[in-house]
Asks: 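Would you mind keeping the following structure in view while I ask a few things?
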Amino acid sequence: MQTSNPSSAQLYEAIYVSTLAPGRPVSSVADIAGKARASNPARGITGLLIFDGMRFCQQVEGVKKQVVALLEKIRHDPRHINVKIVHHDELVRRRFENFRLGYTSFVDPTVLERLEKLQGPAAVSAFKALLPQVDSF
């Protein structure tokens, strides 16, 4: 009997953009990243979080059930508002297999504002175009 490998089978990705909730300190981002890095391995989630001082853009990848559950958790997290999923689809292979959660900041606030207006493949292309520019990738 052959079993499937859940780390490579049925991979799914989602990219969302959200805004730091009013009144939340920027230090909330460190808390978000720290907790995600601690809990993501048990869920089989990897990805990259970008923060521009106001907006988040995150790509998460893993088994679809885990990715969808994480997105629901993020939608209800009081540290985020205006959560908008700009892309979700099956994924052939992980982009960030070595990151429980890669994190970087981005100085230009207009970049994520523009990405937030995109959908599907255009959002993926815009996200991938950011990768060479992020500080700690």
Side-chain angles (χ1 to χ4, degrees):
M1 184 166 122
Q2 187 175 5
T3 59
S4 64
N5 180 351
S7 64
S8 63
Q10 303 172 23
L11 281 176
Y12 194 76
E13 76 172 333
I15 300 172
Y16 75 87
V17 179
S18 67
T19 304
L20 184 64
R24 294 287 178 164
V26 173
S27 61
S28 296
V29 179
D31 185 51
I32 289 169
K35 288 181 179 173
R37 285 180 177 146
S39 64
N40 281 354
R43 296 181 181 138
I45 298 284
T46 54
L48 176 67
L49 175 65
I50 301 170
F51 182 64
D52 70 6
M54 186 174 89
R55 282 187 182 78
F56 300 95
C57 179
Q58 184 174 10
Q59 186 267 9
V60 294
E61 57 195 21
V63 175
K64 183 175 183 176
K65 181 179 177 180
Q66 296 295 330
V67 170
V68 170
L70 178 58
L71 291 173
E72 277 306 302
K73 185 175 179 181
I74 290 166
R75 283 183 195 265
H76 293 95
D77 186 328
R79 298 170 293 192
H80 297 263
I81 61 169
N82 304 324
V83 177
K84 180 180 179 189
I85 298 170
V86 296
H87 170 75
H88 61 95
D89 202 355
E90 291 180 0
L91 184 64
V92 175
R93 74 186 253 289
R94 291 179 187 264
R95 297 182 208 284
F96 303 104
E97 64 187 321
N98 297 322
F99 293 115
R100 293 177 289 176
L101 176 69
Y103 169 73
T104 190
S105 59
F106 206 82
V107 179
D108 183 352
T110 63
V111 172
L112 296 185
E113 182 180 347
R114 287 191 305 266
L115 194 146
E116 183 177 33
K117 295 174 183 169
L118 301 174
Q119 288 289 311
V124 173
S125 293
F127 180 80
K128 287 167 55 175
L130 294 176
L131 299 182
Q133 302 171 48
V134 296
D135 297 338
S136 44
F137 181 66

Asks: Looking only at the side chains, is there a donor atom on one of Gln59 and Glu13 sitting less than 3.5 Å from an acceptor on the other?
Replies: yes
Asks: Show, in sequence, the C-alpha distance, side-chain angles and deciding distance for Leu115 and Val86, and conclude whether the side-chain contact (heavy atoms from CB on, under 4.5 Å) test is met.
Replies: CA-CA 8 Å; Leu115 194 146; Val86 296; 3.9 Å; yes
Asks: Would you say Ile50 ends up clustered with Leu118 if hydrophobic residues are merged whenever their side chains have heavy atoms under 4.5 Å apart, either directly or through other cluster members?
Replies: no
Asks: Do the side chains of Leu48 and Leu131 get nearer than 4.5 Å, heavy atoms only?
Replies: yes
Asks: For a quick check under 3.5 Å, do Ser28 and Arg79 share a side-chain donor-acceptor pair by atom type?
Replies: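 No, no side-chain donor-acceptor contact under 3.5 Å.
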Asks: Under 3.5 Å, is there a donor-acceptor pair between the side chain of Lys64 and the main chain of Glu90?
Replies: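 Pair absent, no side-chain N/O of Lys64 close to backbone of Glu90.
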Asks: Indicate the ring-plane relationship of Phe56 and Phe51, choosing parallel, tilted or perpendicular according to the 30° and 60° boundaries.
Replies: tilted
Asks: First locate atom SG of Cys57, then atom CG of Leu112, and finally report the distance between them rounded to the nearest 0.5 Å.
Replies: 5.5 Å
Asks: Start with the C-alpha distance between Gln58 and Ile15, add both sets of side-chain angles, then the distance that settles side-chain contact (heavy atoms from CB on, under 4.5 Å), and finish with yes or no.
Replies: CA-CA 6 Å; Gln58 184 174 10; Ile15 300 172; over 6 Å; no
Asks: Can you tell me how far CG of Leu70 sits from NZ of Lys65, rounded to the nearest 0.5 angstrom?
Replies: 14.0 Å
Asks: In sequence, state the C-alpha distance, the side-chain angles, and the governing distance for Phe99 and Asn40, and then conclude on side-chain contact (heavy atoms from CB on, under 4.5 Å).
Replies: CA-CA 9 Å; Phe99 293 115; Asn40 281 354; over 6 Å; no
Asks: Nearest 0.5 Å, please: how far is CZ in Arg94 from OG1 in Thr46?
Replies: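 So the OG1 of Thr46 and the CZ of Arg94 are separated by 4.0 Å.
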Asks: Tell me if a side-chain donor or acceptor on His80 pairs with a main-chain N or O of His76 at a distance below 3.5 Å.
Replies: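 Side chain of His80 to backbone of His76: no pair is present.
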Asks: Within a strict 4.5 Å, meaning less than it, do heavy atoms of the Val111 and Arg114 side chains meet?
Replies: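 Side-chain contact under 4.5 Å: yes.
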Asks: More than 12 non-hydrogen atoms from neighbouring residues, nucleotides or ligands closer than 6.0 Å to NZ on Lys128, yes or no?
Replies: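 Not buried by this count: 12 neighbours or fewer within 6.0 Å.
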Asks: Using only atom types and a distance under 3.5 Å, with no angle test, would you say the side chain of Ser125 pairs donor to acceptor with the backbone of Pro121?
Replies: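 Looks like yes, one N/O pair under 3.5 Å.
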Asks: What distance do Ile45 atom CD1 and Tyr12 atom OH have between them, rounded to the nearest 0.5 Å?
Replies: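 Those atoms lie 12.0 Å apart.
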Asks: List the atom of Ala36, the atom of Pro41, and the distance in Å for their closest heavy-atom pair.
Replies: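 Here Ala36 and Pro41 meet closest at O-CD, 4.4 Å.
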Asks: Report the distance from atom CD1 of Ile81 to atom CZ of Arg24, rounding to the nearest 0.5 Å.
Replies: 11.0 Å
Asks: Are Val60 and Ile85 in one and the same hydrophobic cluster, where Ile, Leu, Val, Met, Phe, Trp and Tyr link if side-chain heavy atoms are under 4.5 Å apart?
Replies: yes
Asks: Is it true that Lys73 and Asp77 make a salt bridge, defined as a side-chain N closer than 4.0 Å to a carboxylate O?
Replies: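 No.
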Asks: Look up atom CD1 in Ile74 and atom OH in Tyr16, then write down how far apart they are to the nearest 0.5 Å.
Replies: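 The distance works out to 3.5 Å.
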Asks: Going by salt bridge (Lys or Arg N to Asp or Glu O under 4.0 Å), name the residues that satisfy it together with Glu61, two or more places apart in sequence or in a different chain.
Replies: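 Counting only residues at least two positions away or on another chain, Glu61 forms no salt bridge (Lys or Arg N to Asp or Glu O under 4.0 Å).
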Asks: With sequence neighbours left out, what residues match Arg43 under salt bridge (Lys or Arg N to Asp or Glu O under 4.0 Å)?
Replies: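 Partners of Arg43 by the salt bridge (Lys or Arg N to Asp or Glu O under 4.0 Å) criterion come out as none, since no residue qualifies.
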